[in-house]
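Below, each value reflects all heavy atoms present in this structure, side chains not excepted, and no hydrogens, waters or symmetry copies. Below, read A as the first sequence line, B as the second, and so on, with proteins coming before strands; counting in each chain starts at 1. Values in this document were obtained by computation on a predicted structure and should not be read as measured data.
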Amino acid sequence: MPTSHTAFAADRRAILRSAILLVGGIAIAPELLAATGPTFFSPSERAQLDLLCETMIPTTDTPGAIAAGVPAFLDTLMANWASPKSRAHIQGVIASLARAAEADTGKPLAALSAAERADWLARRDSALLAAKDPAYRQFKQLVLTGYYYSEAGATQELRYELVPGAWEPSIPVTADTRSWAA
Amino acid sequence: MTFDAIVVGSGMSGGWAAKELAERGLKVLVLERGKSLEHGADYTDGLSPWELHQYGMVSENEADAEYPVQSQCYAFSAATKHLWVKDSDHPYTTPPDRPFLWIRGYHLGGRSIMWARQSYRMSEMDFEANKKDGHGVDWPIRYADMASWYDHVETFAGISGEANGLDHLPDGKFLPPMALTPPEAEFGRKVEAAFPTRRLITGRCAHLTAPTKEHEELGRSACQYRSLCERGCSFGAYFSSLSATLPAAQRTKNVTIVTDAIVHSVVQDPKTGKATGVRVIDRNTKAGRTYDARMVFLCASTLGTAQVMLNSRSAEDPRGIANRSDQVGRNLIDHLSGLGASGIYPGHADIYHRGRRPNGFYIPRYRNVTEPADGYVRGYGFQGRILRDGWQRGMSEAGVGADLKARLRKPGPWRVSLSGFGEMLPRPENRITLSETNTDKWGIPVPHIDVSLGPNEHAMIAQVGSDARAMLELAGCTDIEVRKHYGGVGLGIHEMGTARMGHDPNTSVVNRYNQAHDVPNLFVTDGASMSSSGCQNPSLTYMALSARAAHHAAAFLKEGKI
């Protein structure tokens with residue numbers, strides 16, 4: 001299990017190459033941005049963002065957030081989509097979570113093991129949502145959107161049918177049932 | 001050349017007027033103010049979520065600067081952005097404390113591309129309402145005048161639904177209904193047990209569940225249950241001008257369609273009082289030109305039609321054409337919307353659904369029908385659905401990591417949502433006027449829209465919420481949230497009433513044939529002609545009115561009456 005940012009980055013590059021081959025076309029643009037480095041976030045922000053996204057949605061039997069291009073998606077959003085308020089929200093969340101990690105655990109985010117990061121983020125997540133922290137809510141919303149609408153999230157983790165062809169109002173839920181991405 | 005008829009607008013009403021006039025042998029010119037849109041080629045329904053620009057999210061700065069109103073519509077996204085007007089290009093004003101949210105699409109086919117496709121007949125109760133309670137003017141037509149025209153438009157458009165035998169929501173010519181989910185059917189049984197005269201029925205929608213030969217001849221095919229409808233449907237599975245009426249009109253070889261032609265005003269001959277054509281501003285070059293015709297159909301949408309009429313000023317008619325009554329632009333109605341409740345529906349964890357049904361259930365109006373109302377006239381119906389939550393629930397629930405993934409991998413609880421649509425009363429002070437000083441970039445006076453809700457609407461809004469809560473509670477729902485009215489009128493996207501139909505030329509604009517009282521060869525067949533709104537989604541009624549008016553207008557022309 002890679003724990004350093006460097007290892008994540010190597011993983012990401014490898015996965016990006018395959019993603020470009022697999023996806024092609026429209027999906028390339030944000031991936032290329034990631035491959036050539038951040039366009040919006042500073043390198044240190046991007047490193048923290050990678051860790052936070054992958055902790056929120058880790059690689060399991062399906063791709064995690066980095067493989068699904070979530071940090072790259074957020075980077076593109078901040079460069080092209082976000083209002084000044086949203087930018088301040090997301091940059092503020094990254095900075096405050098990084099500070100909180102160190103304050104809560106005594107170690108920087110990158111120095112924690114994946115398991116330690118997961119435990120710590122679960123506690124922060126619970127507290128911030130309970131407090132209805134608007135910036136964190138937006139952050140989580142964008143991370144989940146970036147994951148579950150990605151091709152990996154929508155088709156490997158969940159299921160998506162562009163053309164279902166039929167409406168079945170009741171099918172049995174089985175052990176294999178996955179939620180529809182949309 | 002002189003056309004037999006000019007149809008202003010190519011949307012829901014204009015498409016029908018063009019088809020019916022052309023099929024009767026008339027040479028028809030259809031004028032569309034917006035750009036051309038090609039069925040299929042200009043749709044974005046082939047794109048998966050990850051293929052959409054920014055996964056469908058329109059940039060916040062762009063939305064704020066260019067689409068501050070349109071972006072409030074549920075159907076606005078990166079996949080549909082090209083189908084909504086840039087508010088910044090098409091200004092209008094309102095009083096500061098009374099916002100009106102004008103949702104518009106200027107392109108061939110108009111809002112028939114992005115409409116929500118729910119299709120219900122108005123009933124005798126609706127056509128009698130104004131006369132009975134004294135609000136607005138009496139409709140000069142009754143259900144019997146409309147029944148065969150509803151049959152006609154339903155058969156051609158293709159309406160999916162079931163016969164329910166309700167007098168106040170008449171049955172029609174239906175294609176097979178879309179099935180309810182088991183929780184929806186169960187919820188219906190619970191509601192009907194607690195309130196014996198309420199009904200929960202399958203939604204009636206303009207989708208081909210079993211296309212007929214007539215549909216297939218136009219290249220239309222069956223609904224694929226994608227629910228990407230507002231992006232346009234390459235299958236032609238839902239009714240739109242582009243999938244159905246305009247191709248049928250063009251098949252006759254009697255129709256000329258001109259896009260990018262903004263109608264400035266109707267030209268009227270001061271000697272005869274008749275309309276002789278329209279003045280047009282080219283959207284791209286801003287050059288003016290005139291088209292001549294033996295009659296003019298205004299189908300430019302309720303506010304667009306009023307804008308054209310008010311701008312058709314002459315020495316004889318300083319208030320605008322066909323406006324002796326001073327009712328043009330008045331009585332603007334929208335449906336009360338943004339109301340209702342949602343909650344978690346219990347049980348049924350062992351089943352799920354497959355496919356995306358572009359439809360739901362409907363609870364027809366019961367207030368002031370079979371149950372009394374709490375201090376108001378008219379009433380409301382509910383659209384709703386009960387489906388399982390998706391991953392989006394994770395955005396507001398605590399949890400991260402592998403646990404989060406595992407939880408969101410499985411479908412969430414069943415969630416019920418009830419959306420009330422309430423009838424708004426026609427009131428003359430709710431109106432659109434034109435600025436005396438400001439014009440848009442095509443030199444057309446900027447509209448001013450001034451609409452407020454009255455005591456009847458406020459009383460109704462309160463009961464919509466309490467009824468929705470009561471029905472969810474009796475069904476054992478939890479986490480119930482009641483949605484209040486959004487405050488601004490317009491988001492119902494059901495504007496009506498600005499050139500109302502009536503018996504009396506002194507108090508109404510058009511007669512029982514949608515023919516202007518004052519100008520016999522001028523017809524208004526869109527939502528502007530509605531004397532009242534009912535609480536049903538109105539497009540089906542615009543279709544029937546347009547087809548009916550075209551039938552009579554063609555006959556009048558043939559008989560030399562106009």
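Going from atom OH of A:Tyr147 over to atom CG of B:Leu408 covers 10.0 Å, rounded to the nearest 0.5 Å.
Looking at A:Ala175, only its backbone comes within 4.5 Å of chain B, counting heavy atoms on both sides. When heavy atoms are compared at a cutoff of 4.5 Å, B:Asn61 approaches chain A by way of both its backbone and its side chain. Contacts of A:Ala118 with chain B are made by backbone atoms alone, with heavy-atom separations under 4.5 Å and no side-chain atom involved. Within the 4.5 angstrom heavy-atom criterion, atoms from both the backbone and the side chain of A:Thr60 approach chain B. Heavy-atom distances place no part of A:Asp119 under 4.5 Å from chain B, backbone and side chain included. Looking at B:Ala185, there are no atoms closer than 4.5 Å to chain A (heavy atoms on both sides), in backbone or side chain. Looking at B:Leu180, the atoms closer than 4.5 Å to chain A (heavy atoms on both sides) all sit in the backbone: N, CA, C or O. Using a 4.5 Å cut-off between heavy atoms, A:Leu121 contacts chain B through both its backbone and its side chain. With a 4.5 Å cut-off on non-hydrogen atoms, B:Ser396 touches chain A through its backbone but not through its side chain.
Taking B:Asp45, B:Asp403, B:Asp64, B:Thr181 one by one and counting their heavy-atom pairs under 4.5 Å with chain A, the maximum is reached by B:Thr181. For the options A:Gly153, A:Ala82, A:Ala65, A:Ala152, heavy-atom pairs under 4.5 Å to chain B are most numerous at A:Ala82. Of the listed residues (A:Thr62, A:Thr155, A:Leu128), the greatest number of heavy-atom pairs within a distance under 4.5 Å of chain B belongs to A:Thr62. When each of B:Gly390, B:Pro182, B:Ala222 is checked for heavy-atom pairs under 4.5 Å with chain A, B:Pro182 comes out on top. Most heavy-atom pairs under 4.5 Å with chain B, from the set A:Ser170, A:Ala130, A:Pro172: that is A:Ser170. Ranked by non-hydrogen atom pairs under 4.5 Å with chain B, the options A:Pro169, A:Ala182, A:Ala122 are led by A:Pro169.
Contact of the B:His353 side chain with the A:Glu168 side chain is not registered, since no non-hydrogen atoms from C-beta on lie closer than 4.5 Å. For the pair A:Val173 and B:Arg388, the minimum side-chain heavy-atom distance is below 4.5 Å. Side-chain contact between A:Thr177 and B:Pro411 is present, with heavy atoms from C-beta onward closer than 4.5 Å. At a threshold of 4.5 Å between non-hydrogen side-chain atoms, the residues A:Arg124 and B:Val400 do not count as touching. In this structure, the side chains of A:Thr145 and B:Met57 come closer than 4.5 Å at one or more pairs of heavy atoms. Within the 4.5 Å cutoff, the side chain of B:Leu404 has heavy atoms near those of the A:Ile57 side chain. Two residues are said to be in side-chain contact when any heavy atoms from C-beta on lie closer than 4.5 Å; B:Glu397 and A:Leu129 fail this criterion. A heavy-atom distance below 4.5 Å is not found between the side chains of B:Gln392 and A:Leu144.
Among B:Gln54, B:His53, B:Glu62, the single residue meeting the side chain to side chain contact (heavy atoms under 4.5 Å, CB included) criterion with A:Trp81 is B:Gln54.
Taking both residues in full, the closest heavy atoms of A:Tyr160 and B:Ser48 are given as CE2-OG, 3.6 Å, listed atom of the first, atom of the second, then distance.
With respect to the salt-bridge test (charged N to carboxylate O, under 4.0 angstrom), the residues B:Arg354 and A:Glu161 qualify. Between A:Asp61 and B:Arg409, at least one side-chain N (NZ, or NE/NH1/NH2) sits under 4.0 Å from a carboxylate O, which counts as a salt bridge.
At distances below 3.5 Å, not a single donor-acceptor pair connects side-chain atoms of B:Lys410 with backbone N or O atoms of A:Arg178. The main-chain N or O of A:Leu162 is found under 3.5 Å from a side-chain atom of B:Arg356 such that the two form a donor-acceptor pair. Distance alone, capped at 3.5 Å, is enough to place a donor-acceptor pair between the B:Ser59 side chain and the A:Asn80 backbone. Distance alone, capped at 3.5 Å, places no donor-acceptor pair between the A:Tyr149 side chain and the B:Glu51 backbone.
Residue B:Lys190 places its NZ atom among more than 12 non-hydrogen atoms of other residues, nucleotides or ligands, all under 6.0 Å distant.
If you look at B:Trp391 and A:Tyr148, their ring centroids are closer than 6.0 Å.
Residues in residues 126-141 of chain A take part in these side-chain hydrogen bond (donor to acceptor under 3.5 Å, both in side chains) pairs, two or more places apart or across chains: A:Ser86-A:Gln138, A:His89-A:Gln138, A:Asp125-A:Tyr136, A:Asp125-A:Lys140.
With sequence neighbours excluded, the residues forming a side-chain contact (heavy atoms from CB on, under 4.5 Å) with B:Ala79 are B:Thr44, B:Leu52, B:Ser77, B:Arg231, listed by chain and number.
Relative ring orientation between A:Phe73 and B:Tyr55 is described as parallel, the plane-to-plane angle staying below 30° on a 0-90° scale split at 30° and 60°.
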